[in-house]
Amino acid sequence: MTTRAAAAGEGRNARVWAVVSCIPRGRVATYRQVAQLAGIEGPSGARQVGYALAALDAGSEVPWHRVINVRGEVSPRARAGRENEQYERLALEGVDCDARGRIDLARYEWDYGGA
DNA sequence: AGCGTGACGCAGG
DNA sequence: ACCTGCGCCACGC
């Protein structure tokens with residue numbers, strides 16, 4: 001599963017995790033946004049972020065649940081069950097989604113420039 | 001040194 | 001608004 005990526009040796013994934021850790025509670029950021037803040041520019045930057053989060057270790061202090069896709073949805077993962085956890089964690093922070101499982105980005109998207 | 005794994009975003013229809 | 005195809009990089013074995 002290629003997890004536990006660079007637990008000690010920090011590479012690009014650590015960069016992503018650092019950015020995600022900066023997302024305020026009650027806010028969400030898109031993969032694309034995290035990629036940009038992490039300095040990963042490119043058409044597939046968001047994917048690189050997804051890879052980095054996928055490599056995150058369970059029990060990590062990184063608020064990975066605050067990262068969603070541009071549609072305002074939780075990206076479907078390989079392992080079923082975790083997806084629900086993400087929505088649950090967000091709900092605990094006051095981030096709700098509609099019946100379709102979509103989060104209002106206009107309302108919850110992290111505005112790093114306004115803080 | 002090479003292959004498989006893995007949480008996306010955009011353009012086009 | 002929805003669906004489909006394509007591009008992409010880091011890490012473990």
Side-chain angles (χ1 to χ4, degrees):
Chain A
M1 187 187 337
T2 75
T3 46
R4 308 177 184 83
E10 306 190 358
R12 181 156 240 186
N13 289 6
R15 182 87 188 188
V16 173
W17 303 337
V19 172
V20 175
S21 297
C22 291
I23 304 174
R25 184 172 171 286
R27 295 286 186 202
V28 295
T30 63
Y31 290 91
R32 196 74 183 91
Q33 186 167 10
V34 172
Q36 192 175 318
L37 291 173
I40 306 174
E41 295 181 30
S44 60
R47 191 143 197 177
Q48 314 317 319
V49 173
Y51 295 152
L53 291 184
L56 252 182
D57 189 41
S60 171
E61 296 177 27
V62 178
W64 51 269
H65 56 280
R66 294 177 189 154
V67 184
I68 60 180
N69 58 34
V70 292
R71 297 162 142 184
E73 304 179 303
V74 170
S75 294
R77 347 149 272 117
R79 311 279 188 210
R82 295 299 178 192
E83 179 183 296
N84 181 39
E85 182 184 341
Q86 183 164 1
Y87 276 115
E88 188 176 332
R89 285 193 174 203
L90 289 173
L92 263 55
E93 298 185 355
V95 179
D96 299 309
C97 61
D98 58 22
R100 290 177 296 189
R102 288 188 186 168
I103 294 166
D104 186 356
L105 285 177
R107 175 175 166 169
Y108 298 109
E109 187 174 37
W110 176 33
D111 180 10
Y112 53 97

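Every chain is numbered from 1 and lettered A, B, ... according to where its sequence line falls, protein lines coming before strand lines. Since the model is a prediction, treat every value here as computed from it, not as a measurement.
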If you restrict it to nitrogen or oxygen atoms, what contacts under 3.5 Å exist between nucleotides 9-13 of chain B and the protein, and what is each distance?
unit_1: B/dG9; atom_1: OP1; unit_2: A/Val70; atom_2: N; d: 3.2
unit_1: B/dG9; atom_1: OP2; unit_2: A/Val70; atom_2: N; d: 3.4

- line: Whole-Å distance, A/Asn13 CG to B/dG6 C1', equals 11 Å

Only distances under 3.5 Å count here; give the side-chain donor-acceptor pairs of residues 98-106 of chain A to other protein atoms, sequence neighbours excluded, each with its distance to 0.1 Å.
unit_1: A/Asp98; atom_1: OD1; unit_2: A/Arg100; atom_2: N; d: 2.8
unit_1: A/Asp98; atom_1: OD1; unit_2: A/Gly101; atom_2: N; d: 2.9
unit_1: A/Asp98; atom_1: OD1; unit_2: A/Arg102; atom_2: N; d: 2.7
unit_1: A/Asp104; atom_1: OD1; unit_2: A/Ala106; atom_2: N; d: 3.1

statement: Rounded to whole Å, the CZ-C1' distance (A/Arg12 to B/dG6) equals 16 Å

task: Could you list all the salt bridge (Lys or Arg N to Asp or Glu O under 4.0 Å) pairs where at least one residue sits in residues 13-41 of chain A, not counting sequence neighbours?
output: none

Protein-nucleotide distance (A/Glu83, atom CD; B/dG6, atom C1'), rounded to Å: 16 Å

message: To the nearest 0.5 Å, what is the distance between CD on A/Gln33 and OG1 on A/Thr30?
response: 5.0 Å

task: Could you check how far CG of A/Asp57 sits from C1' of C/dG12, rounded to whole Å?
output: 14 Å

When the side chains of residues 43-51 of chain A are checked against the rest of the protein, which donor-acceptor pairs come out under 3.5 Å, sequence neighbours left out?
unit_1: A/Ser44; atom_1: OG; unit_2: A/Gln48; atom_2: NE2; d: 3.2
unit_1: A/Arg47; atom_1: NE; unit_2: A/Tyr51; atom_2: OH; d: 2.6
unit_1: A/Gln48; atom_1: NE2; unit_2: A/Ser44; atom_2: O; d: 2.9

message: Holding to side-chain contact (heavy atoms from CB on, under 4.5 Å), I want the full list of residues that pass it with A/Ala14, two or more places apart in sequence or in another chain.
response: A/Glu10, A/Trp17

Pair A/Glu85 + A/Arg89: basic N to acidic O under 4.0 Å: yes

- line: Here the residues of residues 95-103 of chain A within 4.0 Å heavy-atom distance, strictly under, of DNA chain C are A/Arg102

message: Testing the basics here: between A/Pro63 and A/Val20, what is the closest heavy-atom pair and its distance to 0.1 Å?
response: CG-O, 3.3 Å

message: List the residues meeting salt bridge (Lys or Arg N to Asp or Glu O under 4.0 Å) with A/Arg71, not counting sequence neighbours, and say none if there are none.
response: A/Glu73

- prompt: Within the modelled atom types, does a donor on one side and an acceptor on the other bring the side chain of A/Tyr51 and the base of C/dC8 under 3.5 Å apart?
  reply: yes

- prompt: How close or far is atom P of B/dC8 from atom CG of A/Leu37, stated in whole angstroms?
  reply: 18 Å

Atom pair distance, as rounded to whole Å: CG in A/Leu105 and P in B/dC8: 15 Å

query: Rounded to whole angstroms, how far apart are CG on A/Leu56 and P on C/dG12?
result: 13 Å

- prompt: What residues, two or more places apart in sequence or in another chain, satisfy side-chain contact (heavy atoms from CB on, under 4.5 Å) together with A/Glu88?
  reply: A/Asn84, A/Leu92

